[in-house]
Amino acid sequence: MVATLLTHNYFSNFNAPRIVSLNPCEPPNPNQSQYAVSGPRFPKLNQLQLTHFSASKTLTEPCNITLIDALRSCIDSGSIEDALYLFEEMNHSDTFTWNIVIKGLVQKGLFDEAISYFHRMEFEGVRPDKFTYPFVLKACAGLLSFKEGSKVHAKLIKVGLDLDVYICNSLISMYMKVGCLESGENVFEEMSARDLVSWNAMVSGYQLVGDSLSSLVCLREMVSVGIRPDSFSFISGLGACSVEGFGRNGKEVHCQVIRNGFEMDPRVETSLIDMYGKCGNAIYAERVFNMIVDKNIVTWNVMVAGYAYNARFYESFSCVKKMQDVGKLTPDVITMINLLPACAQTGALLMAKSIHASAIRKGFLPHIVLETALVDFYGRCGKLKLAEHVFTQINQKNLASWNAMIAAYVQNGWYSEALELFLDMWYNSVKLDVITFASILPAYAEITSLSEGRQIHAVVTKLRLSSSNVIISNSIIYLYAKCGDLRTAGRCFDGMVCKDVVSWNTIIMAYAIHGFGRVSVQFFQEMIENGIKPNKSTFVSLLSACSISGMVDEGWEYFNSMKRDYGINPGIEHFGCMLDLIGRTGNLDLAKHFIEEMPLVPTARIWGSLLSASRKANDIEFAEVASKHALSLEHDNTGCYILLSNMYAEAGRWADVEKIKTLVIQEGIAKTMGCSTVEKDYKVHRFVDQDGSNAQVNMINDVMDIITKMTVKDEDVYARRITKLRRTDLTRKKPNVPGNHSVRSAISFGLISTKLGSPVLIRKNVRICEACHIFAKRVSKISKREMVVGDSKVFHHFEDGNCSCGDYW
DNA sequence: CTAGGGTTAG
C-alpha cells in the first residue's frame with residue numbers, strides 16, 4: 001500500500017518540469033541553471049532500476065530499501081540531479097540515506113553543497129554517524145577550508161567520534177590538504193593506534209605541501225614500526241622525490257618498490273616514470289616506460305612530459321605519434337598541455353596552432369589549464385595578440401591564468417599592459433601570489449617610477465613576500481637601482497638573509513649602472529669570498545661595471561679569468577662589454593680587430609658599440625663602417641641614424657645629414673623626442689626640449705636664468721661648447737640648442753620642487769648631452785645638492801661638481 | 001548496504 005502511494009507520487013510528477021535546488025537551506029532558484037533539472041529529466045531509469053521498482057511491487061519489501069537502491073544507482077551513474085530529486089521525494093529520516101547523498105555530492109566535487117546537506121541533516125534532527133564524517137571532511141578538504149574542517153573536528157570531539165581510526169585518517173588528510181601541517185601532525189600523534197592508511201595520509205600529506213623530506217622520513221618510519229608500505233605509500237613517496245635534487249631518494253624508493261613487489265602496479269610504474277623525468281633522469285624514465293607492456297594514456301602523457309622536461313623536445317613529439325600508432329590511443333587534454341612547452345622551446349608555432357585547433361574541434365575547450373598553457377605558449381612565442389585572444393575567452397579566470405597573461409606581457413616588453421592587468425587583479429580583489437609579483441616586478445623596474453616602485457615594495461613587504469622569497473627580493477633590488485635609488489637598493493641587498501647568485505649579480509649591476517664600478521668589484525670579491533660561484537650573468541655585470549667606470553685593466557683581467565678560473569666561455573654579451581671597454585680607450589683599430597677576432601658572429605649591438613666608440617673618437621670613417629654593419633642587421637635602429645647624423649652635422653657635412661634624413665623618412669622611423677621627467681607628489685612632470693607647457697614654466701625659467709648666470713664662466717668648456725654649436729646653428733638650423741634642453745628645465749624644476757638636501761632625481765629617455773652634463777655638474781657644486789640623472793643607459797650621480805661617470809658615457 | 005590514503009596538467 002505504501003509502495004503504491006510512493007510510486008504514484010513519483011509518477012505523478014513524471015512530466016512536470018522540476019527544479020531542484022542544490023542548496024537545501026534555500027528555496028529552489030530557477031536561475032541556478034547549472035544543476036537545475038529543466039524538464040522531465042527524471043526518471044531516466046536503466047534496466048536495473050526498473051527491476052527494483054517492479055520487484056518492490058511484487059515482493060513486499062520495505063519500499064525505502066528499493067528507493068535507496070535507486071538513489072545509489074543514480075549516484076553511480078553520475079546523475080546527481082536525479083538523485084537529489086529522488087531524495088526529496090523519499091523518506092529521509094535515517095542517517096544512511098543522507099550519507100549516500102552526501103557521498104554523491106562529494107564524488108561530484110560539489111563540496112559546498114555536501115556541507116550544506118550535512119548542516120540540513122543536523123537541522124532536521126538526523127544524527128550523523130562515523131560514516132558521514134569522512135565524506136564531510138573530504139568536502140572540507142576539497143574546499144581547502146581549514147575553517148570548515150576545524151569546525152567539523154570540534155564537533156567530532158564533542159560527539160566523541162574523534163578516536164575512530166577512519167575519522168582520524170580523514171582528519172589528517174583534510175588538515176594536510178588545506179595546508180595545516182601542524183593540525184594534521186597533532187591528530188596523527190594523538191592516535192592510539194595508527195594503521196597503514198594513517199601513515200599513508202602523512203606521507204601523501206607531506207608530499208602535497210612540498211615537504212619532500214618529511215614525506216620520505218615518514219615512509220621510512222612506517223617501515224621501521226613494522227608497517228608494510230603498499231602502492232599508495234609508494235606513489236606518494238615517489239611524488240615526494242619528483243623534484244630536482246631528489247633523484248637519489250627516488251632510486252631508493254624504486255628499490256623498495258621492487259623489494260615489495262609493486263613494480264608491476266601500473267600507477268606505481270607511472271609514478272616512477274614521472275619521478276625520473278622530473279629528476280632529470282630521462283634515461284631511467286625511458287627504461288621504466290619501455291618495460292611496461294600495457295601503457296595507458298597516463299603512462300604516455302608522463303613520458304611525453306618527461307622528454308619535454310629534459311629538453312628532448314623532438315622525442316616528446318615522436319612519443320605522441322607513437323602513442324597514437326603503437327598505443328592506439330588518442331591524445332587528450334593533458335597530452336596537449338604537456339606538448340605546448342616543447343612547442344614553445346622549439347618555436348613550433350604551427351604545431352601549437354594545430355593543437356589549439358584540434359582542442360577546439362574535439363570540444364576540449366573551454367578548459368582552464370589548457371587555455372592557460374596556450375596563453376603561456378603564445379606569450380613565449382611573442383604572439384601577444386593570440387595570447388590575449390585566448391585569455392579574454394577564459395570565462396572563469398583563475399590565478400594561474402592571470403599570472404600567465406601578465407608574464408606574457410612582461411616577457412615581450414608590454415609593460416603598461418602588464419601593469420593594467422595587474423591593477424585589474426588588484427582592484428578586483430583577485431588573490432595574488434608570489435608568481436604574480438615575480439612576474440610584475442620587472443615591469444615596475446622598467447617604467448622607472450620611484451614612487452610607484454616604493455608602493456609596490458610596500459605591498460610586497462606587507463604580504464611578507466620579500467622576506468621569504470629570493471626572486472622577489474632580487475627584483476626589488478633591481479627595481480630600486482633602475483628607479484635611481486641606489487641607496488635603497490643597497491639596503492635591500494644588505495637586509496637579505498639568503499642571497500643567491502642572482503642577488504649578487506643584481507647588486508653588482510646596480511652599482512655598475514650608477515657608475516660606481518669600484519663598488520661593483522668589491523661586491524664581486526665579497527661574493528667569491530662567500531663561496532658563491534659566479535655565472536655568465538655575473539660577468540656581464542662585472543664587465544659592464546669595468547667598462548662604464550673605465551676600469552680598463554681590471555676589465556681585461558676579469559675577461560681573461562672567465563674561462564681560466566671559472567670555466568665560463570665568454571658569450572656575445574661579454575664581447576659587447578669588452579668592446580665598450582676598448583671603445584673607451586679610443587683605440588678604434590683595436591676595437592675593430594677585436595670584432596674580427598671574435599669567435600662569434602657580431603650582432604647589431606656589437607656594431608653599435610663600435611659606433612659609439614667612433615663617435616667618442618670623432619672618427620666618421622669608422623662610424624660609417626659601424627653603422628653600415630649595424631643597419632644591415634637592424635635597419636630600424638634609430639640611435640644609429642641619429643648618431644651618424646649628429647656626427648655629420650658637427651663636421652658641417654649637411655648633404656650627408658640630409659641624406660640620412662631622407663633615409664629615416666623612407667624607413668618610416670620616428671625620432672625619439674628627447675624628454676626628461678621629474679616625479680613630484682606621485683605625479684610625473686615631463687619636460688620636452690623647447691617646451692613651455694609646464695605650469696611653473698616662468699619660475700623654472702627664472703631659476704634656470706639664475707643658475708645659468710652662476711654657472712657660465714668665461715673660458716670654460718661649457719661656454720666653448722655653446723659657441724661651437726652656435727656657430728653651426730648659423731649655418732643650418734639645428735634643434736640641439738643646449739639652452740632649451742629638457743634636462744636643464746628638469747633640474748631647475750627638481751631643485752625648487754623637492755626637499756632641500758635630498759637628491760634631485762631626473763630621468764631622460766635618451767642619452768644626456770655634453771652640455772647638460774656640464775650644466776648638471778656645475779649646479780651640483782653651487783647648489784650643494786646631489787643630482788641623479790638616469791639616461792637611457794646609465795645613471796649620472798652629480799655631486800660637488802663631479803659626476804660618477806667620470807665624464808665618459 | 002556507506003567510510004580513510006593514490007598516477008599525468010598551467
Side-chain angles (χ1 to χ4, degrees), chain A residues 64-65 68-69 71-72 75 94-104 106-107 128-138 141 161 164-174 176-177 187 191 194-205 207-208 218 222 229-239 242 262 265-275 277-278 296-306 308-309 331-341 367-377 379 390 394 397-405 407-408 435:
Chain A
N64 228 13
I65 299 253
I68 278 171
D69 282 341
L71 189 64
R72 291 166 68 186
I75 285 168
D94 66 298
T95 305
F96 180 60
T97 317
W98 283 94
N99 289 351
I100 298 290
V101 167
I102 294 173
K103 171 192 168 187
V106 173
Q107 266 176 4
D129 61 7
K130 59 177 179 174
F131 293 107
T132 319
Y133 285 102
F135 297 134
V136 177
L137 287 168
K138 206 171 187 171
L161 277 172
D164 183 276
V165 187
Y166 276 80
I167 285 177
C168 282
N169 293 344
S170 297
L171 274 170
I172 295 171
S173 173
M174 179 276 293
M176 298 304 251
K177 274 184 188 147
V187 175
M191 284 173 81
R194 304 174 191 98
D195 67 1
L196 173 61
V197 178
S198 321
W199 285 95
N200 283 351
M202 292 306 283
V203 176
S204 99
Q207 184 251 318
L208 268 168
C218 230
M222 73 188 277
D230 65 355
S231 64
F232 286 77
S233 331
F234 289 125
I235 289 164
S236 300
L238 289 168
S242 299
F262 285 101
D265 183 307
R267 292 186 186 197
V268 174
E269 286 170 319
T270 309
S271 297
L272 278 167
I273 301 167
D274 189 47
M275 180 274 292
K278 287 189 178 139
N296 62 27
I297 185 94
V298 184
T299 325
W300 286 97
N301 283 346
V302 164
M303 197 61 233
V304 170
Y309 191 84
D332 67 357
V333 186
I334 296 174
T335 320
M336 294 180 176
I337 294 164
N338 283 337
L339 221 41
L340 283 169
H367 183 290
I368 185 76
V369 182
L370 179 56
E371 285 163 316
T372 307
L374 282 166
V375 170
D376 180 76
F377 167 81
V390 176
I394 305 176
K397 297 179 181 66
N398 63 20
L399 184 55
S401 40
W402 286 91
N403 286 349
M405 193 63 230
I435 298 175

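Below, read A as the first sequence line, B as the second, and so on, with proteins coming before strands; counting in each chain starts at 1.
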Give [X] one of three labels, base, sugar-phosphate or nothing, depending on what nucleic acid heavy atoms sit under 4.0 Å from its own.
{"X": "A/D274", "result": "sugar-phosphate"}
{"X": "A/I368", "result": "base"}
{"X": "A/V369", "result": "base"}
{"X": "A/V165", "result": "base"}
{"X": "A/I172", "result": "nothing"}
{"X": "A/N398", "result": "base"}
{"X": "A/F135", "result": "sugar-phosphate"}
{"X": "A/S271", "result": "sugar-phosphate"}

Hey, is the side chain of [X] poking within less than 4.0 Å of OP1 or OP2 on [N], counting only N and O atoms?
{"X": "A/T270", "N": "B/dT8", "value": "no"}
{"X": "A/K130", "N": "B/dT2", "value": "no"}
{"X": "A/K103", "N": "B/dA3", "value": "yes"}
{"X": "A/K278", "N": "B/dA9", "value": "yes"}

Could you state the [atom1]-[atom2] distance from [X] to [N], rounded to the nearest angstrom?
{"X": "A/N296", "N": "B/dT7", "atom1": "CG", "atom2": "P", "value": "14 Å"}
{"X": "A/M176", "N": "B/dG6", "atom1": "CE", "atom2": "P", "value": "11 Å"}
{"X": "A/L161", "N": "B/dA3", "atom1": "CG", "atom2": "P", "value": "17 Å"}
{"X": "A/E269", "N": "B/dG6", "atom1": "CD", "atom2": "C1'", "value": "15 Å"}
{"X": "A/Y166", "N": "B/dG5", "atom1": "OH", "atom2": "P", "value": "11 Å"}
{"X": "A/D129", "N": "B/dG4", "atom1": "CG", "atom2": "P", "value": "13 Å"}
{"X": "A/W98", "N": "B/dA3", "atom1": "CH2", "atom2": "P", "value": "19 Å"}
{"X": "A/W199", "N": "B/dG6", "atom1": "CH2", "atom2": "C1'", "value": "18 Å"}

Report yes or no: is there a donor-acceptor pair, N or O only, under 3.5 Å between the side chain of [X] and the base of [N]?
{"X": "A/D230", "N": "B/dG6", "result": "no"}
{"X": "A/D195", "N": "B/dG4", "result": "yes"}
{"X": "A/S170", "N": "B/dG4", "result": "no"}

query: Using a distance-only test with no angle check, is there a side-chain donor-acceptor pair under 3.5 angstrom linking A/N338 and A/T335?
result: no
query: With sequence neighbours left out, what residues match A/W98 under ring-ring contact (aromatic ring centres under 6.0 Å, His included)?
result: A/F87, A/H92
Report the nucleotide, chosen from [options], that has the shortest atom-to-atom distance to any side-chain atom of [X].
{"X": "A/I235", "options": "B/dG6, B/dT2, B/dG10", "result": "B/dG6"}
{"X": "A/V298", "options": "B/dG5, B/dT7, B/dA9", "result": "B/dT7"}
{"X": "A/I334", "options": "B/dC1, B/dT8, B/dG6", "result": "B/dT8"}
{"X": "A/S198", "options": "B/dG4, B/dG5, B/dT8", "result": "B/dG4"}
{"X": "A/I100", "options": "B/dT2, B/dA3, B/dG6", "result": "B/dT2"}

query: Looking at A/N200, A/V187, A/L137, A/D195, which hits side chain to side chain contact (heavy atoms under 4.5 Å, CB included) with A/N169?
result: A/D195
query: How far apart are the closest heavy atoms of A/Y309 and A/G277, and which atoms are they?
result: CD2-O, 3.4 Å
query: If you measure from CG on A/N296 to OG1 on A/T299, what distance do you get to the nearest 0.5 Å?
result: 3.5 Å
message: Between B/dG5 and A/F232, is there a base-stacking contact, meaning the centre of the base's six-membered ring lies under 5.5 Å from the residue's ring centre while the planes stay under 30° apart?
response: yes
statement: Those residues at least two apart in sequence (or on a different chain) that pass salt bridge (charged side-chain N to carboxylate O under 4.0 Å, His left out) with A/K278 are A/D274
query: Does A/I435 CD1 have over 12 foreign heavy atoms under 6.0 Å away?
result: no
